[in-house]
Amino acid sequence: MKTKTTYLIFGGTIALLLAYTTARACLLSMTHDESSTYLNYLNMNIWQCFHSPKCWGTANLHWLNTLMMKGTVKLFGVSEFSVRLPNLLTHLVYLVFSYLLVREMRRPFLVTFAAFLMLNLSPYLLEFFALARGYGMICGWIMMSLYFLWKYIDTRKNKFAIGSFSGAFLAVMSNFVALNYLMALTGVFYLWLIYLLFFEKTNTRKIFAHTLTPLPFLITLAALLYRPIQFLSTGGEFKYGSSSLYQSLETMVRDYLQTKADAYFGKNTIIIFACLAIGFIIMATVRATRQFVRKPQDTRTTFLLATVLIILSVILIQKVQFHVMGTNYLILRTALMLVPLGLLPVALCLLLWENKWANRLLITIGIFSVIHLIPHINFNQCREWWYDKHTKEMALYVENLKVEKPVKLGVHWTFQPATMYYWKTGQLNAIDELLYNKDIRTDDYFDYYYVPLGDTSKLHPAYVVEKQFGYDWWLFRKE
C-alpha cells in the first residue's frame with residue numbers, strides 16, 4: 001500500500017479515536033472521584049503534598065493529573081473539557097507512540113494496522129482517556145516509555161534510555177501504581193546491560209555510563225514519594241484490590257467485555273477469555289524466548305522478549321508485594337496499565353511471526369476489536385462511576401424548576417461530589433449549599449432528594465416522586 005494512503009488511514013483512525021474521547025470528555029457528567037479531586041485540590045498548593053499528610057487522607061490525589069488539571073482550568077476556564085484535557089493529551093501520546101511502535105516493526109500494512117487496533121480499541125481503556133484520573137495517563141506515558149525502550153534496544157543510544165525512564169517517571173507521578181512498571185522496566189534494563197556486557201562484549205565504559213541512567217529518576221522518586229507512600233500506607237490505602245491473582249485477571253476480562261460478559265460463550269465467556277489471555281501470554285513468552293535464542297541479533301525479537309519480561313515481572317512484583325507487604329493484587333481501574341502491558345507482547349508476537357496463520361489470527365483479533373467496541377460506544381456514562389450517569393442532568397433539572405428559590409437539595413453521598421462540583425462552579429445558582437450526609441436523612445428537611453432505587457424506602461413519607469432518571473435513580477420532592 002502506498003505510504004500516503006497508509007498515513008491517511010492511521011492518521012484518520014487516530015483522529016477518530018481522539019475525537020471520540022474528546023466528545024466523551026465534553027458530554028459525560030462529572031464523576032465522584034474527578035469531582036473530589038477538583039473540590040479538594042484545585043486551590044491547594046500540591047507541591048506541599050510531598051511532605052504534608054493533609055493531602056493523603058485517601059489515594060484520590062493523582063499528582064500529575066491534578067497539576068495539569070490546575071493548569072488547563074486556569075488557561076481555559078472551568079468545564080468538563082478543561083478538567084479532563086490532561087487525559088485527552090495523554091490519549092494522543094498513547095495513540096502516537098503505539099502507532100510509531102508498530103510501524104517500526106517493518107511489517108506489511110494490514111497486520112500492522114491490526115496490531116494498532118488491538119492496542120487501541122479496548123472499551124475500558126478508552127473510557128479513562130476521557131476522565132480526569134491518573135489511570136489513563138499512566139497508559140499514555142507507559143506507551144511512550146516502551147517506544148523509547150525499543151529505540152534504545154535498536155540503536156543502543158543512551159538518549160532513548162533516558163526517554164524510556166522519563167516516561168516511567170511521568171507514569172509514576174500520574175499514579176503510584178505505576179511503580180510496579182518502573183521496577184519491572186529497571187530490572188529488564190539492567191538484564192539487557194548484563195547481556196551486552198557478557199555476550200556481545202560491548203565496551204565496559206559505555207555499559208557503565210548506561211548503568212547510571214535510571215539512577216536520577218529512581219533517587220528523585222524516592223525523595224519525592226517516601227512520605228506520601230508512608231502516609232497512604234498508614235491509612236490503609238494500599239489494601240484496595242484482591243487477594244487472588246486470578247480474580248485480578250477476571251476483573252480485567254470483565255471490564256474489557258463489559259456488556260458482552262455473557263454474550264460470546266454464554267456463562268463461560270469470562271473464563272474462556274481469561275484462558276485465552278493466559279494462553280496468548282504463554283505463546284508470546286515461548287515465541288520470544290525461542291526467537292531470541294535463534295536470532296539474538298534481531299532487535300525486534302529482543303524488544304518482544306523485553307515486553308514479555310516486563311509484564312511477567314509486574315505480575316511477579318505483585319505476588320512479592322502480596323506475600324511480603326500484604327498489598328493486594330491490582331483490580332479494576334488500578335489494573336488498567338496491565339491492558340497495554342499485556343496486549344503489546346501478544347500483538348508484537350503475532351506481528352513479527354512471519355507465518356500466514358499468525359497473520360490471519362492478528363487480523364481476526366483486529367476485526368474483533370472493532371466489532372467489540374462498536375456496541376460500547378456511548379457519550380453518557382462510564383463503567384467505573386456508572387452511578388453518576390445522570391447527576392448533571394438531575395442537578396440542572398432542579399436548577400430550572402419553576403419553584404421558590406433557593407431550593408434545598410439532598411443527594412445520596414455517592415452523588416454529592418459531582419453535584420457539589422456543579423454547585424461550586426456556579427452552574428446551580430438556584431440551589432442552596434449542599435450538605436454532606438453519609439446516611440439517608442429520615443426527616444423532611446430537603447425540598448428535593450435524589451437517591452438510588454435501593455434507598456427510596458428510607459425517605460420520609462412526605463416525599464413523592466418528582467422524576468425518574470434512568471432505571472436506578474429517583475428525584476423526590478417534598479409535598
Side-chain angles (χ1 to χ4, degrees), residues 20-21 23-36 80 123-124 126-128 130-131 133 250-251 253-264 266-267 269-270 331-333 372-401 403 407-423 427-428 431 434 436-442 444 446-479:
Y20 172 61
T21 51
R24 281 177 57 83
C26 294
L27 297 173
L28 290 181
S29 170
M30 287 292 288
T31 64
H32 187 286
D33 284 23
E34 294 177 290
S35 302
S36 295
E80 288 91 344
Y124 192 61
L126 287 173
E127 285 193 1
F128 281 90
L131 297 171
R133 311 304 300 131
E250 187 182 70
T251 64
V253 171
R254 190 181 296 276
D255 286 331
Y256 173 76
L257 293 171
Q258 297 195 14
T259 62
K260 300 295 183 179
D262 296 321
Y264 298 117
K267 294 182 178 180
T269 299
I270 291 175
I331 60 169
L332 304 173
R333 57 188 181 272
H372 180 68
L373 175 64
I374 290 173
H376 294 105
I377 292 174
N378 74 85
F379 301 95
N380 58 15
Q381 68 177 344
C382 64
R383 179 173 174 81
E384 197 77 7
W385 294 279
W386 53 271
Y387 49 82
D388 272 317
K389 177 179 180 179
H390 297 287
T391 304
K392 180 180 181 180
E393 180 187 356
M394 175 278 301
L396 295 179
Y397 174 85
V398 175
E399 170 72 10
N400 294 315
L401 286 171
V403 295
V407 172
K408 288 187 289 187
L409 174 65
V411 296
H412 186 272
W413 70 271
T414 54
F415 312 124
Q416 200 272 345
T419 312
M420 180 62 81
Y421 164 85
Y422 290 110
W423 188 85
Q427 299 180 54
L428 304 178
I431 296 176
L434 297 167
Y436 177 82
N437 294 283
K438 182 67 175 180
D439 299 314
I440 297 293
R441 290 184 64 146
T442 56
D444 62 349
F446 297 114
D447 298 318
Y448 291 84
Y449 217 141
Y450 184 57
V451 296
L453 179 63
D455 285 319
T456 56
S457 61
K458 300 176 184 178
L459 294 177
H460 190 277
Y463 289 104
V464 296
V465 174
E466 167 69 20
K467 183 176 174 61
Q468 180 180 356
F469 293 87
Y471 174 76
D472 284 321
W473 304 273
W474 298 75
L475 178 65
F476 288 80
R477 73 173 185 276
K478 181 173 65 175
E479 284 190 316

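As a basis for the values below, the full set of heavy atoms in this structure was taken, side chains included, without hydrogen atoms, waters or symmetry mates. For clarity, every value in this text was computed on a predicted model and none was experimentally measured.
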Residue pairs, two or more places apart or on separate chains, that pass salt bridge (Lys or Arg N to Asp or Glu O under 4.0 Å) and touch residues 384-394 | Glu80-Lys392, Arg333-Glu384
dist Phe476:CZ -> Asp444:CG (nearest 0.5 Å) comes out at 14.5 Å
Is it true that the NZ or CZ of Lys467 lies under 6.0 Å from the centre of Phe469's six-membered ring and within 45 degrees of the ring axis?
-> yes
Residues Ala23 and Phe379: closest non-hydrogen pair is CB-CE2, 3.7 Å
Check step by step if side chain to side chain contact (heavy atoms under 4.5 Å, CB included) holds for Leu434 and Phe446.
-> CA-CA 10 Å; Leu434 297 167; Phe446 297 114; over 6 Å; no
Are any side-chain N or O atoms of Trp423 and backbone N or O atoms of Ile431, one a donor and one an acceptor, separated by less than 3.5 Å?
-> yes
CD (Gln416) and CG (Leu409) are apart, to the nearest 0.5 Å, by 10.0 Å
At their closest point, which heavy atom of Leu459 faces which heavy atom of Tyr449, and how far apart are they?
-> CD2-CD1, 3.7 Å
Can you find a pair of side-chain heavy atoms, one from Met420 and one from Tyr436, that are under 4.5 Å apart?
-> no
Kindly indicate whether the side chain of Leu396, heavy atoms from C-beta on, has any atom under 4.5 Å from the side chain of Tyr422.
-> no
So, do His376 and Lys260 sit near enough that their side-chain heavy atoms are less than 4.5 Å apart?
-> yes
Do Phe128 and Cys382 touch side chain to side chain, with heavy atoms closer than 4.5 Å?
-> no
Separation between CZ of Arg383 and CZ of Arg254, rounded to the nearest 0.5 Å | 7.5 Å
Please confirm whether the backbone N or O of Trp473 pairs with a side-chain atom of His412, one donor and one acceptor, at under 3.5 Å?
-> no
Can you check whether Tyr463 and Tyr448 have ring centres sitting under 6.0 Å from each other?
-> no
Side chains of Thr419 and Met394: closer than 4.5 Å at any heavy-atom pair?
-> yes
Find the distance between CG (Asp455) and CG (Asp439) and round it off to the nearest 0.5 Å.
-> 9.0 Å
Rounded to the nearest 0.5 Å, the CG atom of Leu131 sits from the CG atom of Asp33 at a distance of 10.0 Å
Looking only at heavy atoms, which two atoms of Thr269 and Gly266 are closest? And how far apart?
-> OG1-O, 2.8 Å
What are the two closest non-hydrogen atoms of Gln427 and Tyr421, and how far apart are they?
-> NE2-CE2, 4.3 Å
Heavy-atom distance under 4.5 Å between the side chains of Asp472 and Tyr387, does that happen here?
-> no
Determine the minimum heavy-atom distance between Leu428 and Ala395, stating which atoms define it.
-> CD2-O, 3.5 Å
Are the side chains of Thr391 and Trp385 in touch, meaning some heavy atoms are under 4.5 Å apart?
-> no
Distance-only side-chain donor-acceptor flag, His390 / Ser29, under 3.5 Å | no
What one should report as the nearest heavy-atom pair of Ala418 and Ser35 is CA-OG, 3.2 Å
Does Arg24 reach the side chain of Leu126, with side-chain heavy atoms less than 4.5 Å apart?
-> no
Spacing of CG belonging to Leu401 relative to CG belonging to Asp447, to within rounding of 0.5 Å | 10.5 Å
Will you find, in the side chains of Glu466 and Tyr397, an N or O donor that is under 3.5 Å from an N or O acceptor?
-> yes
